Structure formats: C-alpha cells, structure tokens
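Computed from a predicted structure; not experimentally measured. In each ligand, atom 1 is the first atom listed, and ligand 1 is the first ligand listed.
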Amino acid sequence: MAPPVERVSVELMPGLILHPGWLDGPARTRLAADLAAGFSVAPPYRPRMPRTGRPFSVTMTNCGPLGWVSDIAGYRYQAHHPETGAPWPAIPELALRAWDDLSGYPAPPEAALVNLYAADARMGLHQDRDEATLDAPVLSLSLGASALFRYGGTSRSDPTRSVRLHAGDALVMGGAARLVHHGIDRILPRPPDLLGAGEAMPAFLPPDGRCNLTLRRVTRPEPSPTA
Ligand code: SIN
Ligand code: FE2
C-alpha cells in the first residue's frame, strides 16, 4: 500500500494558509477536464472594469449557482453568464472536496470564479469583498504555469510580500486575512522541460498560461434548525 501523502501547509500570515501541491497530478488533470467541460456551457469572456470599461487582462468564467462578474456598471454576483444568459455550470467535484477539506466552513461554496491568464496577464491588487459572508474564506486552486502572488494587508497602503503559486497549490484566505489586498504580479516562465516530465498543461490554456479558481460563499447560510 502506498504510504499516506504527507501534507504540509505554510501560514504566510494569520489566516493566509498555503497548501503546496494540494492537488496531485491526476487531480489536476481531472479538475482541468471538468473545467473544460464547463467552458462549453459558460465560455471564458473578457470582463471590463467598472466605470472606465477598460478590459481585464485575464479572461473569466464561473461555475456554481452564482458567478462574479464585472462590467461598466460595477462588480456583482449573478446566476447567469453575462454574454450567453445561460446559468453557470456546476462546481467541479474536486473543487467542492477541497472546500470541504480546507475551508472549515459549514456550508458549500456558491461561486467558483475561473481566471485564465495568458503569459502576459496580471491582476492588480484588490480585495475580495463583494460577498455577504466574510466569515467564509476564499479558497484558491491553481493550474498551469506558476505565478507570483502578491499579498499585503487590509489597508491598500500596507506593506506587501509575494509568494509563488504553483500548479496544484491551494491557498486559503480566511479569518484575519479574508480582506487582505492581493493580486498577481506576473505569470512565471516555465522552466525548459528537458526530461519531458514537466507539468501537463490544460489544453484550454494559451501557451505558458495559468488558470486559477477561487471558491467563495456569497450569501449567508440559513441558520440550522435548533433541536
Ligand atoms: C483572484 O484574486 O481572483 C485571483 C488570484 C489568483 O489568480 O491567484
Ligand atoms: Fe481576489
């Protein structure tokens, strides 16, 4: 019998917990396949910044009963794809399992935002605060190329640090870190794959691209009935 996989985790700051390699190779392949199936229902599209209408450098889609969208009118969650009007596809099983294992939250996630980064895409420092339930963490799962993730504090002017996120890593932003500013400085070039044993890249990604999934609880769960 194979020995149990040893799981390590790193507390980057209180509430910000990195679980390197949480998804192993087969799990990453499976998650990528489930996401790709979802894209046929909810194709990735390029959102725009509120007010200015400037296009994002990432493309996005969602899974789950709700999805996070941004357009000239603002940021919000909604139950349908902004371009096709169709409901979002279901959150992949493996992502739900990661939420159960890592979130410490008693209710399931309602939205899984999928960000797709080409090699030159980035994401500016921001807070995830469009949810009515800030007691639930945001759980991030990464696939494809590695990225330099920057995180600071709850104030925009707080000092920042960076950490590399690799394929399979899970990152929990919860507790005191739920409202920290964070972003992606850049996608890191992939090392030359001399032995052909490098990361199998999901077919939907552009060359050297990256995919990040963030799971969020959006609405307050119904209080559980008391006995
Ligand atoms: C996000 O903050 O929505 C995405 C972070 C990431 O791509 O790792
Ligand atoms: Fe975010």
Side-chain angles (χ1 to χ4, degrees), residues 10 12-13 15-23 28 31-32 35 44-50 55-64 66-70 74-77 88 91 95 98-99 102-103 109-131 133-134 136-154 156 158 160-175 177-188 199 201-202 204-206 208-218:
V10 186
L12 300 169
M13 61 188 280
L16 186 64
I17 319 287
L18 176 62
H19 300 269
W22 181 261
L23 300 173
R28 299 199 286 274
L31 178 59
L35 289 173
Y45 68 98
R46 193 171 298 279
R48 292 181 173 273
M49 293 294 288
F56 281 40
S57 76
V58 295
T59 58
M60 287 183 178
T61 185
N62 288 270
C63 314
L66 292 173
W68 187 88
V69 300
S70 175
Y75 304 137
R76 66 191 169 276
Y77 282 94
W88 307 105
I91 299 177
W99 177 271
L102 296 176
S103 74
E110 295 171 295
L113 170 64
V114 184
N115 286 310
L116 296 169
Y117 297 79
D120 60 353
R122 54 185 295 282
M123 184 170 293
L125 272 193
H126 66 277
Q127 292 170 296
D128 291 353
R129 56 170 193 194
D130 299 319
E131 301 75 28
T133 43
L134 296 175
V138 170
L139 170 63
S140 129
L141 299 171
S142 294
L143 297 174
S146 301
L148 199 59
F149 176 87
R150 184 160 296 280
Y151 60 96
T154 50
R156 204 181 164 78
D158 285 341
T160 64
R161 305 182 64 168
S162 65
V163 66
R164 285 163 186 247
L165 294 184
H166 303 291
D169 288 359
L171 180 68
V172 180
M173 288 183 267
R178 176 61 181 77
L179 286 176
V180 295
H181 285 78
H182 61 277
I184 294 292
D185 284 356
R186 61 193 173 89
I187 304 302
L188 300 168
E199 180 68 16
M201 295 289 279
F204 55 76
L205 284 177
D208 293 332
R210 169 174 184 263
C211 173
N212 177 267
L213 189 66
T214 42
L215 298 162
R216 297 114 185 267
R217 177 77 198 185
V218 180

Near H182, which atoms of ligand 1 are under 4.0 Å from a heavy atom of that residue?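 Counting from 1, the qualifying ligand atoms are 2 (O).
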Find all atoms of ligand 1 within a distance of less than 4.0 Å from any non-hydrogen atom belonging to I184, and give their numbers and elements.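 Result: 6 (C), 7 (O), 8 (O).
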Under 3.5 Å side-chain donor-acceptor pair for [X] and [Y]:
X: S146; Y: R210; answer: no
X: W68; Y: D130; answer: yes
X: N212; Y: S142; answer: yes
X: Y77; Y: E131; answer: yes

Looking at D128, pick out the N, O or S atom nearest to the Fe ion (ligand 2) and give its name.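 Answer by atom name: OD1.
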To the nearest 10°, what's the angle at the Fe ion (ligand 2) between atoms NE2 (H182) and NE2 (H126)?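 Rounded to 10°, it measures 90°.
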Of all the heavy atoms in R216, does at least one lie under 4.0 Å from an atom in ligand 1?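 Judged by the 4.0 Å heavy-atom criterion, R216 does count as contacting ligand 1.
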[atom] [closest protein heavy-atom partner, distance rounded to 0.1 Å]:
atom: atom 7 (O) of ligand 1; answer: Y117 OH, 2.5 Å
atom: atom 8 (O) of ligand 1; answer: R210 NH2, 2.9 Å
atom: atom 3 (O) of ligand 1; answer: N115 ND2, 3.2 Å

Give a yes or no on whether the backbone of G183 and the side-chain of R150 come within a donor-acceptor separation of less than 3.5 Å.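 Pair absent, no side-chain N/O of R150 close to backbone of G183.
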Can you check whether F56's main-chain N or O pairs, donor with acceptor, with R46's side chain at less than 3.5 Å?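 Yes; at least one donor-acceptor contact below 3.5 Å.
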Using distance alone, determine whether S140 and ligand 1 share an N or O pair under 3.5 Å.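 The answer is no, given that S140 and ligand 1 share no N or O pair closer than 3.5 Å.
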N212 N/O to ligand 1 N/O under 3.5 Å: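 Right, the criterion is met.
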Between H126 and H181, is the ring centroid distance below 6.0 Å?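 No: the rings miss the under 6.0 Å criterion.
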With heavy atoms only and a cut-off of under 4.0 Å, state how R122 meets ligand 1: side chain, backbone, both or neither.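 No part of R122 is near ligand 1 at this cut-off.
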Heavy atoms from other residues, nucleotides or ligands near CZ of R164 exceed 12 (cutoff 6.0 Å):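 No - once you tally the heavy atoms of other residues, nucleotides and ligands closer than 6.0 Å, there are 12 at most.
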